[in-house]
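These notes concern the structure reproduced below.
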There are 2 protein chains.
Amino acid sequence: MDVLMQSLKIGINEKLYIKDPESSSLGKKIVEESILLIDEIGFEHFTFKKLGARINSNESSIYRYFENKHKLLLYLASWYWGWMEYRMVFDTNGISDPVEKLSKAIEVLTQNVEEDNAFSHINEVVLNKIIINEYSKSYLVKEVNDEDKNGYFIVCKRLVSRLSEMIVAVDKTYAYPLSLASTILEGTLHQYFLKEHFPMLTNCNENVTPTHFFTDLIFRTLNLNVNG
Amino acid sequence: MDVLMQSLKIGINEKLYIKDPESSSLGKKIVEESILLIDEIGFEHFTFKKLGARINSNESSIYRYFENKHKLLLYLASWYWGWMEYRMVFDTNGISDPVEKLSKAIEVLTQNVEEDNAFSHINEVVLNKIIINEYSKSYLVKEVNDEDKNGYFIVCKRLVSRLSEMIVAVDKTYAYPLSLASTILEGTLHQYFLKEHFPMLTNCNENVTPTHFFTDLIFRTLNLNVNG
DNA sequence: GAATATTGATAGTAATACTATTATTTTTGC
DNA sequence: GCAAAAATAATAGTATTACTATCAATATTC
C-alpha cells in the first residue's frame with residue numbers, strides 16, 4: 001500500500017500547506033484531529049485555537065503548517081478526492097467492458113465510505129462526512145478563480161474528467177458527459193446530506209442508496225440494460 | 001401582480017426577521033442593497049457594518065431587522081424559492097398533459113433568470129447569482145435540523161415536493177422521483193456555477209444551457225420522446 | 001555537546017459580531 | 001400644528017476570531 005500512499009501524497013498541491021503535515025507527528029495530529037473536530041462542531045465554529053487546545057498544542061504551531069482553516073479544508077478535500085480517484089482507478093483497472101467499467105466507477109464513487117486502514121491517521125468515514133457537509137464551502141468563495149489558477153482543485157477536476165471519459169466510452173453520441181459526471185459527484189454528496197437532514201426530499205434511506213439512484217440514472221440516460 | 005406579491009410574502013417565515021423588511025423603506029433598502037453587496041464581495045466578506053455604510057444607515061438599525069447575516073441569507077433564499085415556485089405553478093397551470101407540464105416546469109426552474117419588474121426593490125438576476133454562489137451555505141450548517149424545525153426551508157422543500165409530484169404524474173413506476181427532483185434543483189445551481197468558474201467540468205456554455213441538459217436527462221430517465 | 005530546527009507561551013492588533021444606551025429624527029394621532 | 005410614540009442614528013463597549021510577532025523551551029542532528 002506504500003505506492004498508493006505516495007500516489008495520494010502527490011495529489012496534494014504543495015501551495016496548500018506551509019509545512020507538509022505528513023512530515024511530522026504534530027502535522028499528522030493536526031490533520032487527524034482537525035477532521036474529527038470539524039465533524040463535531042462544524043467548519044464555521046472550528047478555529048485553530050480550539051484545535052490547539054484539543055491536541056495539547058499551540059495555535060501558533062498550527063499556523064506553521066496551514067495558512068488558515070480554508071487552506072486546511074482544501075487540503076483535506078484534495079486528500080479525499082485523491083483517495084477516491086485512486087480507488088476508482090484501482091477498482092476499475094482490469095475491466096475491459098466499458099459498461100461494466102462505468103458501472104463499477106459509479107459504485108465506488110457513490111457508495112457509503114468505509115474505513116481504509118492504509119492511512120492510519122486519517123479516518124475516511126469522518127472525512128467523508130465533512131466533505132458532504134463542508135466541501136461546497138471550499139469553492140463557493142469569491143477567490144475561486146485565483147485558487148483554481150493555483151491548482152487547488154486539480155484532483156477533483158481530474159476525477160470529473162476521468163468519469164466523463166468513461167461515459168463517453170459507453171456512448172460517444174451522448175452530448176453531456178461532463179455535466180453528467182459533475183452532477184453525479186456533486187449530487188452524491190447532496191443525496192447523502194438530504195438522507196441525513198431532509199429525508200422527505202430524497203428516496204434514499206437505509207435500503208435505497210445513492211448508488212442505486214445514480215446507477216439507475218446513468219443506465220437510463222445512456223440507454224443501457226442493468227446487466228450491462 | 002399584487003396577488004403574486006402577497007403570495008410571495010406569505011412564503012417567508014416570520015421567524016427569519018425581527019421586523020418585516022417589507023414594512024418600511026429602510027427595510028426594503030436593506031434587502032435591495034444586501035443582494036448587490038453580497039454579490040459584489042461574497043457572503044464571507046459581507047457584514048452589516050459594510051451594508052450600513054453603503055446605504056448611509058447604521059449597523060444597529062440593520063440588526064433591528066435581521067438577527068444576523070445568516071438569517072438574512074435564509075430570508076433572501078426563501079424569497080427566491082417562493083418566487084421560483086410561483087412562476088413554476090403559474091406557467092404550468094393551464095397545462096393538462098403531464099409530460100408537457102413537467103417539461104415546462106423544468107424549463108422555468110433551469111432557465112437563465114431574467115428581471116421581474118413586479119418587485120421593484122429586488123433584482124432577480126443578481127439574487128439568482130447569489131443563490132448560485134451562496135445558497136448551500138444557508139443549510140450546510142451544524143444547526144440545520146433546528147432551523148428546519150423552525151420552518152426556514154419550507155419553501156424550497158415544497159418546490160422539490162411539487163416537482164417530484166409532476167415526475168410521478170408522468171411515470172408512476174419510477175422509483176426515485178424525490179431524488180431526481182432535488183438533484184435537478186441543486187444540480188442546476190451547480191451547473192451554472194461550473195459554467196462560470198469551471199467550464200472544463202460542464203458541457204453548458206453560451207449555446208448549451210442547463211435547461212437542455214436537464215430536459216434531456218429527464219426525458220431519457222423517464223423514457224419519453226422530446227416532443228412529448 | 002553545540003548548533004539548528006521545532007514547538008510552545010505570551011502578547012498584541014484589527015476586524016467581526018454582536019449588545020446597550022442615549023440622542024435625534026420621523027411618523028402618527030388628535 | 002404639536003405632543004407622544006416609534007424608528008433610526010450615533011456612540012461605546014464586549015467577546016471572539018484570525019491572525020502576526022517575539023522569545024523561551026525543547027528536540028533533533030551533526
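Proteins get letters first, then strands, A, B, ... in listed order; numbering begins at 1 in each. Remember, it's a predicted structure, so these values are computed and weren't measured experimentally.
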Exercise. Would you check if the distance from the ring center of B/Y65 to the ring center of B/Y17 is below 6.0 Å?
Key: no
Practice problem: For residues A/W81 and A/Y86, establish whether the separation of their ring centroids is below 6.0 Å. | Solution: no
For a quick check of understanding: with a heavy-atom distance under 4.0 Å over all strands, which category does [X] fall into, base, sugar-phosphate or nothing?
X: B/Y65; result: sugar-phosphate
X: B/E67; result: sugar-phosphate
X: A/F48; result: nothing

Quiz item: Do B/K137 and B/E134 meet the salt-bridge criterion of a basic N to acidic O distance under 4.0 Å?
Solution: yes
Quiz item: With a 4.0 Å cut-off, would you call B/E22 and B/K28 a salt bridge?
Solution: no
Quiz item: Whole-Å distance between C/dT19 P and B/I18 CD1?
Solution: 8 Å
Quiz prompt | Separation of C/dT19 C1' from B/F66 CZ (nearest whole Å) | solution = 19 Å
N/O donor to acceptor pairs below 3.5 angstrom from side-chain atoms of residues 192-201 of chain A, sequence neighbours left out:
from	atom 1	to	atom 2	distance (Å)
A/Y192	OH	A/T110	O	2.7
A/Y192	OH	A/N112	N	3.0
A/H197	ND1	B/N145	OD1	2.9

Quiz prompt | B/A181 versus B/V160, closest heavy-atom pair with distance | solution = CB-O, 3.7 Å
Quiz item: Between the side chains of A/T211 and A/E107, is a donor N or O closer than 3.5 angstrom to an acceptor N or O?
Solution: no
Self-check item: Bounds of contact between DNA chain D and chain B, in 5' to 3' order, using a heavy-atom cut-off under 4.0 Å
Solution: D/dA7 to D/dT11
Quiz item: When you check the phosphate oxygens OP1 and OP2 of C/dT26, does a side-chain N or O of B/S24 lie under 4.0 Å from one of them?
Solution: no
Quiz item: With the sugar-phosphate defined as primed atoms, P, OP1 and OP2, and the base as all remaining atoms, what B/S/- string results for nucleotides 8-16 of chain C, 5' to 3', for protein heavy atoms under 4.0 Å?
Solution: BBB-----S
Quiz item: Hey, does the Lys NZ or Arg CZ of A/K69 hover above the aromatic six-ring of A/F43, less than 6.0 Å from the centre and inside 45° of the axis?
Solution: yes
